[in-house]
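Below: the structure, in structure tokens.
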Amino acid sequence: METVFKNISKIKYEGPKSRNPLAFKHYNPAEVVEGKTMREHLRFSVVYWHTFRNALSDQFGVGTAIRPWDDGSNSVANAENRARVAFEFIEKLGAPFYAFHDRDIAPEGRTLRETNKNLDAVVKVLKEEQKRTGIKLLWGTANLFTQPRFVHGAATSCNADVFAFAAAQVKKALEVTHELGGAGYVFWGGREGYSTLLNTNMKRELEHLAKFLHLAVDYKKKIGFKGQFYIEPKPKEPTKHQYDSDAAACLNFLREYDLLDDLKLNLETNHATLAGHTMQHELEVAGSAGALGSVDANTGDELLGWDTDQFPTSVYLTAQVMLTILKYGGFTTGGLNFDAKVRRESFEPVDLFHAHIGGMDAFARGLKIAAAIRKDGRLAEFVKQRYASWDSGLGAKIESGKSDFTELEAYMLKQGEVTTNVSGRQEFLENLINEFI
Ligand code: XUL
Ligand code: CO
């Protein structure tokens, strides 16, 4: 099948000198970096919601997107056709994965039964297209935030019936993700938070969220779904305070409710920004806890304070992200999922190609730069040396639990003062990174 993008041929790697806007300059899928191909390292994924369902509206204006294949209706036939177009796009782009919310692939019906039937019809098409193209599902998820029933949240709603509806919806979403061979499943708590504490029993809501996730883990085991579960941190939007606000808060929640063995984190760059962190910080927090699962690869706008979900173009950012991902051993089940949309002004179908090519090239460069920094070794050596006082003598004794306050006091009383501090050399290190960019 080739219909919609007939004027665009398969996107190829042409190298850094190419001036073809519809070619990769850096993403060379078969090129080996640190023993793995770029394709294996980066595991790019196209998101269904932004790329095929986002009309590009904003707070002040209606959607601008021109999508000739979409008849604008909520019919199942339109959804099925859209699914085939989506695969044509992903195939031409050469991304190995995609991700979806249940409600962006198929329309909601009048009842849950009808909705499930709609979903089954589109899943059948997705299954055929996955088989035809070899494109795989990185993760599935359920939209538990758009429909008005979720006004007070889903698992954390004050209304037990809403919890039940959300459970039924996630049950079905897990079944279809399993059927499509999904490598993972994401929980993003769209409205799991609060707008005012005046009407909120926070403890009870958190317990319900934990209960919900435990029930999902139980069901996953019951159906034999082996994909990885992830929780996706975000501090605000749409609620004023989301419970899963950042990587540290998520890990604390998972630990408190005995869920740490079953969920890793799906970290999103723009969410890190909203939380007042860098993406590298979030990756480091997750990585050091053994919970770095997957990445929603986008970026925000420094001048706008909301979740703009832009495609990543900063090589400095991608180099830092890849440096941390490589440090923690690279992706296993996860990948770089473009949870990103084109700007409202970029309304033509070809813009979808430009945006993804740019993001893939930015990450391919980031990967190459990170690998070069690691090969050079000076950065890692600097960090190692910085902690050298812990490798022997008193430091090693403290780390191994063989010292106590009495000994440390005696040691310091003898020394009188600390005379061994050296510079952190931040500027030197920033210059070092720039040598590679
Ligand atoms: C919302 C967001 C979601 C999740 C999946 O900000 O990032 O699209 O990635 O529900
Ligand atoms: Co996301």
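In each ligand, atom 1 is the first atom listed, and ligand 1 is the first ligand listed.
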Under 4.0 Å from a heavy atom of D307: which atoms of ligand 1 are those, numbered in the order shown and with their elements? 6 (O)

The protein heavy atom nearest to atom 9 (O) of ligand 1 is E232 OE1, 2.7 Å

Ring-face cation contact, F165 with R149, 6.0 Å cut, 45° max: yes

Within 45° cone and under 6.0 Å: K220 NZ/CZ vs F229 ring: yes

heavy-atom search around atom 10 (O) of ligand 1 in the protein gives H101 NE2, 2.6 Å

Using the six-membered ring wherever Trp is involved, compare the ring planes of F52 and F89 and label them parallel, tilted or perpendicular (cut-offs 30° and 60°). perpendicular

Between T141, T333, D296, N266, which is the residue that forms a side chain to side chain donor-acceptor pair (under 3.5 Å) with Y230? T333

Heavy-atom gap D339 to ligand 1 smaller than 4.0 Å: yes

Where the Co ion (ligand 2) is the vertex, angle from E268 OE1 to E232 OE2 to 10°: 90°

Please classify the H271 to ligand 1 contact at 4.0 Å (heavy-atom distances, strictly less than): side chain, backbone, both or neither. side chain

Name the orientation class of the two ring planes belonging to W49 and H101 (parallel below 30°, tilted from 30 to 60°, perpendicular beyond 60°). perpendicular

Classify the angle between the aromatic ring planes of F311 and F338 as parallel (below 30°), tilted (30 to 60°) or perpendicular (above 60°). tilted

Ligand 1 to D296 polar contact by distance, N or O atoms, under 3.5 Å: yes

Note: E179-K127 ion pair, threshold 4.0 Å (strictly below): yes

Where does the angle between the aromatic ring planes of F253 and Y257 fall among parallel (under 30°), tilted (30 to 60°) and perpendicular (over 60°)? tilted

Presence of N, O or S from D309 under 2.8 Å of the Co ion (ligand 2): no

If we only count N/O pairs under 3.5 Å, is N266 in contact with ligand 1? no

May I ask you to check whether E268 has an N/O atom sitting below 3.5 Å from an N/O atom of ligand 1? yes

Could you please compute the angle at the Co ion (ligand 2) from OD2 of D339 to OD2 of D296, rounded to 10°? 90°

